[in-house]
Number of protein chains: 2
Amino acid sequence: MTVGRKQRRERLLAAAQKAVAEHGADVRLKDVAQVAGLTSGAILYHFPDIQTLLVEANRAGMERFYDQRLKAISGSITPDRKLVVTIASGLPRDSEDEAVRLLCELGGAAGRYPRYAAMLTSLYDRQVAMYQVLLEDGAASGVFTLAQPSQTVARNIVALEDAYGYRMVARHSTIDHAAATQLILDYARLATGHLLDQPDPVGLDHTVPDAGVPA
Amino acid sequence: MTVGRKQRRERLLAAAQKAVAEHGADVRLKDVAQVAGLTSGAILYHFPDIQTLLVEANRAGMERFYDQRLKAISGSITPDRKLVVTIASGLPRDSEDEAVRLLCELGGAAGRYPRYAAMLTSLYDRQVAMYQVLLEDGAASGVFTLAQPSQTVARNIVALEDAYGYRMVARHSTIDHAAATQLILDYARLATGHLLDQPDPVGLDHTVPDAGVPA
DNA sequence: GGCGAATTTGAAGAGCCCTTCAGTGAATGT
DNA sequence: ACATTCACTGAAGGGCTCTTCAAATTCGCC
């Protein structure tokens, strides 16, 4: 057995996600096949038709995004650290971020695909709930002083993340990951009454540690 | 009688906008023709190909959206009224709002169509500038006490409008025009230090002014 | 009423897309 | 070694799309 039946399916789901991020929600079967390195027929051997594959792939893509956010939270300790890290994790790395591009494409198509609309609504609500827990937790421990109900703050934070995701995917010249993070933190500062100063190295360390012989 | 050459073109642009809002950025020529009540050939008599038509139509749709926002501003007098009215005018009426659906579709496709990305970036920046003027004006006249730079507040307000537009188009069950307006105003209140109480007749008065705002 | 220009139609060509399916290998089990 | 199952290919069918174009229709105007 090369890879097992289940893993093969997941490779196709991953290929479909990439294809949607690249070609839109109405991506062609041929494009998915090309990303997967197969022919159209091979894909239809694993899935009854292309819609079934896409719906499953898109759902999986959203769940993966949400799961990674939850994982990002669990790292930090204090509520303020958690908030900063979580906000940063909700934004695309750069304009090529595959997961966010997928979400943008689906968000655009949600108006005409009720299924995607429902999935995105659920995703939004869960993210809001996630932030609400974080905010209430911080308020209970006295770290945050909420100026507004936690639901209001949570809804606005997630909304800001979404919107700056779109702006970054559209390659806004001055709104990059750092700028967007600061803009959202500016709101969070007002809403929580906490300074929320950025920790130095959050793990995104692109600089080479310069160990070894320079050629 | 017909309508003159120019008006005929504009009818086609309007049809194309509606078609994009309904079928996405990759709408078919046939769909545009159907909305216009013509055949595909007739449309190609006025435009060299479908891409040219779509690019022009989408640009016109964005400009129209922006112009109507400017118009909405000019009505009110005081900065706080202006702010409330402008925020309300940036959100879709309901989930079927054609202009916002168009913007959502284009926003989703912006990742793979640099032209649309540039147009949307420009639209965003102009809306930010519009709010900046409004905020600075209010601050200068002492009505607002800005807690943050006007650019920060303006960027966040426009971002919130965008995001709630997407949520409404996706038919979120609890975020309608009124709820979204309040959420954005909640941020604006923190940022401007003004109460920003909603004026009664905003123009769209379908419901009894019963629940919601306490005395 | 009739003429020329503007507009629209309907058909046809070339091309792409999804899906089905017979057939090709490779892997697996016996 | 042989049969069987699995994974995949490549071709073919049927349908849809964009575009072109000759013919038909409508319009503005004299």
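This one's a predicted model, so the numbers in the text were calculated from it and none came from an experiment. In what follows, every chain begins at residue 1, and chains take the letters A, B, ... in the order their sequences are listed.
Applying the side-chain contact (heavy atoms from CB on, under 4.5 Å) test to A:A109 and every residue at least two apart in sequence or in another chain returns A:A25, A:R112, A:Y113. Among residues two or more places apart in sequence or in another chain, the salt bridge (Lys or Arg N to Asp or Glu O under 4.0 Å) test is passed with B:D97 by B:R93.
Using a 4.0 Å cut-off, some side-chain N or O of B:R8 falls inside it from OP1 or OP2 of C:dT8. Taking only side-chain nitrogens and oxygens, A:T39 comes nearer than 4.0 Å to OP1 or OP2 of D:dT9.
Distance CZ (B:R9) to P (C:dT7): 12 Å, rounded to an integer number of Å. In this structure, CG of B:L44 is placed 13 Å from C1' of C:dT9, rounded to the nearest angstrom. One atom, CG of B:D49, and another, C1' of D:dT17, lie 14 Å apart when rounded to the nearest Å. Straight-line distance from the CD atom of B:Q7 to the C1' atom of D:dC27: 15 Å, rounded to whole Å.
Nearest to the side-chain atoms of A:H46 among the listed nucleotides C:dC18, D:dA7, D:dT20 stands D:dA7. Here D:dC8 is the nucleotide among D:dC8, D:dT20, C:dT19 with the atom lying nearest to any side-chain atom of A:A42. Side chain of B:Y45, nearest nucleotide from C:dT7, D:dC18, D:dC8: C:dT7. When distances run from any side-chain atom of B:L29 to the nucleotides D:dC8, D:dC18, C:dT8, the shortest one goes to D:dC18.
Residues A:E136 and A:Y131 bring no donor and acceptor atom of their side chains to less than 3.5 Å of each other.
Of the inter-residue distances, the one linking A:S95 atom OG with A:R171 atom CZ reads 4.0 Å to the nearest 0.5 angstrom.
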